[in-house]
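Small disclaimer: the values here were computed from a predicted structure and weren't measured. Chain naming here is simple, since letters A, B, ... match the order of the sequence lines and numbering starts at 1 in each.
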Amino acid sequence: MMGAWGLGRGTWKFGLRTRVVIATLVAVVSSLTLGAQSRRFFPDDPIWREPMTQDVKNAVRYEPDLAYQTIENLFWRPGDRVLGQRAKNVNSVDEVPDGPYFVNRAGRMRLTPAIVARASNTSNGPAPGKWTVISAKSDGITPGFTIRDAANQLWFIKFDPPGWRAMATGSEIVAAKLFWAGGYHTAEYHIAQLVPSNLVIGKDTRITPPGEMARPMNQSDIMWLLGRADRDPDGSYRVILSKAAPGRPVGRIKFYGTRADDPNDVVPHEHRRELRGYFVFAAWLNHVDAKGINSLSTLVTENGRSFIRNYLLDFGSALGSAAIGPREGWEGYEALVEEPSEIGKRALSLGFDVPVWRTQDYFESPAIGRLPRDHSKWHPEAWWPHITNAAFRHMRPDDTFWAAMKIAAIDDEMIRAAVAEGKFGDKASEEFLAKAISDRRLRILQTFLPKVNPIVDPELDPNGHLSFRNAAVDEAVADRAPGYRALWYTFDNLTNRATLVATTEETQSPMVMPPMPASEYIQVDISAVGGPESWTKPVSAYFRRNSGGWTLVGFEREP
Amino acid sequence: MKTLLVSIVAVLLASPAAAQSTRVDTIAEQQAEKAKALGTEGPSDVEMIVRRVLLSPLLSGGDGVYPWFGSVFGGSGLGVGVGFLKRLEKASYFNVQTGISINSSMVMRGTFAAPELWRGMLQVDANIQWLDAHDVSFYGFGQDSSKDRRDSYDFNPFELSTNVSLKPMRHVFLTGTYAYTPIDTHRETPVFAPADSPGLDEKLTYHVTRAALAYDWRPAPGYSTRGGYYRAAFERNFESGGRPYSFNLQEYEVVQQLPLVREQFVLAGRALLTLTDADEGHDVPVMLAPFLGSGSTLRAFGNRRFADRNRVLVTGEYRWRPSRYLDMAIFMDAGQVAAERYQLEMKQFDVDWGIGARFHGPAFNALRLELSHGREGFRLTFAGSQPF
């Protein structure tokens with residue numbers, strides 16, 4: 001029997017044996033590739049760096065409109081309509097790989113107070129010499145300048161509002177350090193003293209004063225702008241300098257969808273865990289202005305390839321500062337526009353339904369602004385930024401747990417080191433602020449760690465001992481569970497099928513692996529016995545056999 | 001044969017599925033796929049529309065043509081129109097508006113504000129206004145006038161004026177005004193005889209000089225929850241056409257707001273006293289006489305329901321704040337008009353009360369809705385300003 005395949009101009013003829021060989025080859029290779037498509041774990045799992053394989057060539061700058069962003073989030077809530085989905089950018093062990101928004105620091109690298117204090121700084125500030133004003137922020141209430149130092153480096157300068165020396169500048173520094181420790185990309189910040197005579201106006205610098213037309217800037221404009229800033233008795237001004245982020249600005253972080261011009265951006269932003277978890281960090285530091293406009297996306301070129309990196313910026317409305325004055329009572333308790341049901345309730349109550357922020361006691365000082373005096377009953381879940389976003393709306397308890405674990409790794413010493421960088425010049429206020437941040441940290445751990453099964457760091461040693469930690473118990477925010485149950489499975493990576501082998505129970509870690517059939521992968525579902533309800537939902541750990549024992553390749557925590 | 005087999009294997013391994021042998025490859029393939037169909041980052045169509053609206057001079061304070069909403073004349077209903085604003089150096093500007101109300105009243109006005117002097121302490125502006133107001137009410141003078149006896153007249157003033165505003169210190173405002181104002185009024189079917197309706201159906205020409213001193217420590221005059229406003233104004237209205245309608249006017253106003261529980265509640269009060277003194281043998285014309293009855297005076301009474309040579313008004317409000325953009329209020333107004341000052345007495349005051357909702361921004365009132373009740377029944381108020 002003969003067969004013939006037409007391939008171009010010629011005709012090849014094969015015997016039966018040949019055809020069988022070809023068919024077998026096709027079948028084998030197909031099964032291999034199909035297996036690759038459906039396999040649960042790949043040889044390189046878990047990955048710890050988000051691949052950015054494409055060169056970003058045509059990213060254009062797009063500055064979203066703040067008012068539009070506000071309206072958009074208030075009324076038509078963009079992004080994926082289906083809430084409750086698991087974050088899509090986590091690696092196979094439920095962590096966020098280093099990437100364009102985030103780098104694993106707290107909880108993964110060894111942080112020290114000195115490292116947190118330095119954060120993203122790589123220099124000691126602007127080069128000595130005159131500062132040339134390139135542009136000025138003349139709208140709004142607080143002034144701002146963009147300058148070039150003697151080394152031609154671009155810096156942004158901001159001030160404290162009159163009467164609130166160190167409040168906005170110091171708060172921004174502290175928040176930036178702690179966001180950096182948490183893992184977010186932030187700018188380099190320095191506190192400095194500005195002597196007006198050190199400013200020179202660039203030859204093409206223009207200004208548009210309120211109600212006026214754009215025109216060349218002159219010295220009186222500088223003095224007019226400085227008139228809205230807090231001035232020291234010697235005539236100088238305390239300022240915060242932020243170094244221009246590397247790369248070309250191409251816009252701001254968008255909290256939903258992907259950038260149309262970034263081929264590496266394939267996970268919708270509302271499904272990025274670090275953007276969902278940003279809520280927890282923002283709540284911790286009362287960063288009520290956590291919106292896209294207070295971020296920056298830049299096109300960075302490294303090793304001949306361009307990619308987009310995203311920074312968090314402008315923390316002047318964090319902690320006790322509202323940038324132009326002390327934090328208003330409602331900030332952090334309510335969104336820019338309150339919930340309609342809440343408004344209705346208050347309208348009908350003749351005002352006697354009084355929000356808690358109107359009656360609680362506040363600590364207030366010119367150095368740090370205004371913060372509630374007592375944070376021991378603060379509810380992180382009830383915290384509100386001015387404007388919420390799609391990523392925050394998609395946030396799930398496993399996302400908040402992830403963020404809380406990062407915050408758990410930032411201890412009180414690191415917090416004090418960050419606060420010291422604020423150089424508030426008021427010891428009592430500094431101590432209060434550090435304590436407030438620590439207290440809020442504790443409330444975050446108390447709230448978010450026990451809310452899901454808090455088992456972390458599972459390991460299976462060559463002797464078959466399964467060890468793990470209970471993060472909520474370790475952080476002393478929950479009582480010990482009376483015991484733990486483990487369901488042991490063999491796991492077929494190609495078919496994604498688990499076969500239950502045995503169930504074991506122990507009062508604590510480690511647990512002993514029961515006799516298991518030979519299998520490259522095993523799955524262990526671990527839950528607490530007798531703990532809070534949320535702890536009875538098992539976490540799943542996946543181990544792959546290696547030459548010396550078992551390697552964790554997968555971890556899942558479903559709320 | 002060997003060549004063919006190698007080719008087949010190579011083809012199969014080069015297929016997309018075969019490329020996904022690692023997690024990185026899997027993601028790389030998604031990225032490569034996206035790279036084939038990149039778009040441009042930019043505003044959506046809706047964002048473009050919103051930007052255009054927000055950039056209009058009405059909302060942005062920028063230059064250009066803008067829509068206008070407001071009141072053409074008290075009692076004429078909602079007015080709409082168009083304006084043009086051109087900003088010039090040192091806070092000077094040129095602004096023109098024209099509008100028409102639902103009862104066909106029309107207005108055209110223009111303002112030129114000269115550059116500020118002394119760092120904004122002194123500003124001079126010049127104004128021109130033409131008004132054609134229809135169906136303006138006059139119920140006769142006095143507090144006991146009948147609701148059922150109403151004159152309706154057209155009111156057509158033309159005004160050329162200039163103001164000099166001086167801010168010698170924080171919160172203190174001194175204003176001097178001169179206005180040249182020819183006024184024409186017309187009734188189709190008069191209800192009141194000429195002797196009982198002075199100035200109506202006549203052509204009058206006024207030269208008005210006014211001086212006002214104010215101390216205003218409210219955070220913003222357009223909307224505030226604390227602070228006070230105290231004003232005294234003195235006005236000379238000289239009728240230059242030889243008609244007997246020259247008079248002087250004094251007006252005193254006190255507004256005080258008392259916030260409670262970190263501004264959860266605000267107790268607000270206002271007292272207003274307007275006194276006129278006609279020249280010997282002269283009278284105060286109907287259209288310039290102090291009146292009560294409007295969305296900002298006696299709110300349960302029709303526009304200009306009571307008019308006379310003197311008036312007094314006292315208002316108290318209990319306000320609460322369900323939202324930072326919505327204030328609610330329970331209010332009470334009491335007031336009286338009288339021909340002579342000695343006739344002003346509390347027991348003669350007409351009283352009304354009501355409830356209201358005010359939608360506002362940080363420094364302006366956008367919409368005020370109020371339901372009030374007085375001896376003449378219920379009344380709804382829609383307004384774009386604070387009651388006081």
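Take B:H373 and apply the ring-ring contact (aromatic ring centres under 6.0 Å, His included) test, not counting sequence neighbours, and it matches B:W353, B:F378.
Proximity to chain A (any heavy atom under 4.5 Å) is shown, for B:E263, by both the backbone and the side chain. At a 4.5 Å heavy-atom cutoff, the contact between A:N264 and chain B is made by backbone and side-chain atoms alike. No part of B:Y93 comes within reach of chain A, as not one of its non-hydrogen atoms sits under 4.5 angstrom from that chain.
Residues B:V24 and A:I47 form a side-chain contact, since some pair of their non-hydrogen atoms from C-beta on lies under 4.5 Å apart. For the pair A:Y68 and B:P43, the minimum side-chain heavy-atom distance is 4.5 Å or more. Residues A:R61 and B:E41 have side chains not in contact (no heavy-atom distance under 4.5 Å, counting atoms from C-beta outward). Taking 4.5 Å as the limit, every side-chain heavy atom of B:I27 sits out of range of all side-chain heavy atoms of A:T53.
A distance of 10.5 Å separates CE of B:M48 from CG of A:D65, quoted to the nearest 0.5 Å. The line from CH2 of B:W320 to CZ of A:R346 is 14.0 Å long, rounded to the nearest 0.5 Å.
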For residues 350-358 of chain A, dump all side-chain donor-acceptor pairs below 3.5 Å to protein atoms at least two apart in sequence or in another chain.
{"unit_1": "A:W357", "atom_1": "NE1", "unit_2": "A:E334", "atom_2": "OE2", "d": "3.0"}
{"unit_1": "A:R358", "atom_1": "NE", "unit_2": "B:Q264", "atom_2": "OE1", "d": "2.5"}
{"unit_1": "A:R358", "atom_1": "NH1", "unit_2": "B:R262", "atom_2": "O", "d": "2.6"}

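Here the side chain of B:Y325 pairs a donor or acceptor atom with the backbone of A:L336 at under 3.5 angstrom. Judged by distance alone, the side chain of B:K34 and the main-chain N or O of A:D262 form a donor-acceptor pair under 3.5 Å.
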Before giving the answer on side chain to side chain contact (heavy atoms under 4.5 Å, CB included), spell out for B:T40 and A:V60 the whole-Å C-alpha distance, their side-chain angles and the decisive distance to 0.1 Å.
-> CA-CA 7 Å; B:T40 304; A:V60 295; 3.7 Å; yes
Test B:R23 against A:D44 for salt bridge (charged side-chain N to carboxylate O under 4.0 Å, His left out), laying out the working first.
-> CA-CA 6 Å; B:R23 182 73 63 187; A:D44 57 344; 5.5 Å; no
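Heavy atoms only, all atoms of each residue included: B:A35 and A:Q54 are closest at CB-OE1, 3.4 Å.
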